[in-house]
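Okay, so here's the structure we're looking at.
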Amino acid sequence: MDNINYSLLNKRFGQHGQVTFTKDLNGMAVIEVANSHATATLALQGAHLMHWTPRKQRPVIWLSPAAKFGVGKSIRGGVPVCWPWFGPHPTQASFPSHGFARTVAWEMTDTQAMADGATRLSLRLIPNDATRAQWPHATDVALHIKVGATLEMELVTRNTGDSAVTLSEALHTYFAVSDVRQIALHGLGGSDYVDKVDSGDQLKHQTGPVTISAETDRIYVGSTTECVLDDPQWRRRIRIAKHGSRSTVVWNPWIEKAEKMGDLGTRGYLDMLCVESANAAEDTVTLAPDAEHRLWVNYSVEVLR
Ligand code: TA6
């Protein structure tokens, strides 16, 4: 049973017909967004966007049909917020992979019905004793989301302490695709990457678009360019624009790893591709006192005639 006061949340932050706070069928406290451009659903836990579907389009963000839900449990799919570290903790193996942001409570700070018909949501992570034990630094982290014909997300970290702090992060986005074997990801040609499927100690070099025919887990470093996910079967392209991110992570677990994960569904590996705008591996972010860092993405869909 959560102790969330939905009527108070709807009173303070609801936007009639556009933003509604409710408990979903999985018992999660969620924000339902519906406007003239799109619909979206976001779990308050982890400020985790689970769905975004522009009007007259198929869903753009993929959520596993076998996702597991619960307090402190990471949700398979959507846009997990990986913060304040990406991947395994650099020194503490017992700390959660991809940091704690995606599994702790966040609070609403603002909602806006925009003049252009889009909806803007702002949330802030609520630190607690457990997060402070894992991250003894004075930092605030907020997520701003604009749900419209495109999806804009901005992860903002401010160093409120008096010493420098270094972090890594990602918006770990699962994109819905017709068949991962049929797509091509453009924009990474010429970049070097860490290939986590093999030893990962030698940088490899990408030539041409990325295609998927086996387990793929790559951190493209020094990668600041826009990517385009070409899905000819669904006759669409998803444009992945970003600022404040120097790494792009491309991940698909493929068959064997997907089966072991247990929350991807029987054909989940075919239905999704993660293209993550990140600051990971050598691309960590160091913030001086009072400095802030903004990781911004914009997802848009182009219909192929
Ligand atoms: O972003 C790719 C990755 O780091 C993979 O190595 C895989 O672990 C994936 O994230 C999912 O991680 P999760 O902790 O959500 O199961």
Side-chain angles (χ1 to χ4, degrees), residues 28 43 45-50 61-90 92-104 131 134 153 155 167-177 180 183 185 188 191 193-201 203-204 206 210 212 214-221 223 227 229 240 242 245-265 268-285 295 297 299:
M28 299 297 284
Q45 177 177 282
H48 193 129
L49 185 128
M50 298 189 285
I61 302 296
W62 181 81
L63 186 75
S64 169
K68 297 180 173 62
F69 298 89
V71 173
K73 188 173 275 305
S74 60
I75 300 169
R76 183 66 60 204
V79 185
V81 175
C82 301
W83 187 94
W85 60 85
F86 177 84
H89 186 276
Q92 303 293 330
S94 63
F95 286 6
S97 174
H98 292 322
F100 48 76
R102 62 176 174 168
T103 53
V104 298
T131 63
Q134 294 182 359
M153 302 181 82
L155 186 64
L167 63 101
S168 52
E169 60 185 352
L171 291 173
H172 191 298
T173 305
Y174 290 71
F175 289 99
V177 296
V180 78
I183 61 89
L185 181 68
L188 295 169
S191 294
Y193 63 92
V194 175
D195 185 346
K196 288 170 58 182
V197 173
D198 71 20
S199 62
D201 54 2
L203 279 181
K204 295 183 177 176
Q206 180 67 37
V210 179
I212 309 291
E215 182 185 354
T216 305
D217 193 350
R218 302 174 183 177
I219 304 175
Y220 288 84
V221 291
S223 154
C227 287
L229 180 51
I240 304 163
K242 64 173 189 174
S245 157
R246 291 189 51 75
S247 321
T248 301
V249 181
V250 179
W251 175 62
N252 185 287
W254 205 245
I255 302 166
E256 200 179 316
K257 186 149 285 182
E259 278 168 6
K260 283 185 194 149
M261 290 171 66
D263 61 358
L264 219 81
Y269 77 96
L270 289 174
D271 295 341
M272 54 68 76
L273 179 68
C274 277
V275 183
E276 307 157 35
S277 300
N279 289 297
E282 62 197 48
D283 296 322
T284 53
V285 171
L295 195 172
V297 296
Y299 304 141

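Source: prediction; values computed, not measured. We number each residue from 1, following the sequence as shown. First listed ligand is number 1; within each ligand, the first listed atom is number 1. Computed over heavy atoms, backbone and side chain alike; hydrogens, waters and symmetry mates excluded.
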Study note, to complete from the structure: Closest non-hydrogen contact found for Val177 with Leu229 is CG1-CD2, 4.0 Å
Review point. Does Trp251, backbone or side chain, put an N or O under 3.5 Å from an N or O of ligand 1?
Key: no
Point to revise | Chi angles and distances behind the side chain to side chain donor-acceptor pair (under 3.5 Å) call for Arg218, Gln206 | key: CA-CA 10 Å; Arg218 302 174 183 177; Gln206 180 67 37; 3.1 Å; yes
Check your understanding: Taking heavy atoms and a distance under 4.0 Å, where does Arg218 meet ligand 1: side chain, backbone, both or neither?
Key -> neither
Check your understanding: Mind checking whether Trp254 and Tyr269 have parallel, tilted or perpendicular rings, split at 30° and 60°?
Key -> perpendicular
Point to revise | Contacting atoms of ligand 1, where contact means under 4.0 angstrom from a heavy atom of Val249 | key: 1 (O)
Review point. Just distances here: any N/O of Glu276 and N/O of ligand 1 closer than 3.5 Å?
Key: yes
Exercise for review: Report the C-alpha distance between Met261 and Arg76 in whole Å, list the side-chain angles of each, state the deciding distance to 0.1 Å, and finish with yes or no for side chain to side chain contact (heavy atoms under 4.5 Å, CB included).
Suggested key: CA-CA 10 Å; Met261 290 171 66; Arg76 183 66 60 204; 3.1 Å; yes
Review point. Just by distance, with hydrogens left out, do Ser223 and Tyr193 show a side-chain donor and acceptor under 3.5 Å apart?
Key: no
Point to revise | Element-labelled atoms of ligand 1 that are located less than 4.0 Å from some non-hydrogen atom of Lys196 | key: 4 (O), 6 (O)
Point to revise | Which residue and heavy atom of the protein sit nearest atom 15 (O) of ligand 1, plus the separation | key: Arg102 NH1, 2.8 Å
Check your understanding: Considering only protein heavy atoms, which is closest to atom 12 (O) of ligand 1, and at what distance to one decimal place?
Key -> His98 NE2, 3.5 Å
**Study point:** Nearest heavy atoms of Gly265 and Ser64, plus distance in Å
**Key:** N-OG, 4.0 Å
Point to revise | Sub-4.0 Å protein heavy atom next to atom 10 (O) of ligand 1 | key: yes
Revision key, fill the gap. min-distance protein heavy atom vs atom 16 (O) of ligand 1 -> Arg76 NH2, 2.9 Å
Check your understanding: Hey, are Lys242 and Thr248 close enough side-chain-wise for a donor-acceptor pair under 3.5 Å?
Key -> yes
Practice item. List the closest protein heavy-atom neighbour of atom 5 (C) of ligand 1: residue, atom name, distance to the nearest 0.1 Å. Key: Asp217 OD2, 3.2 Å
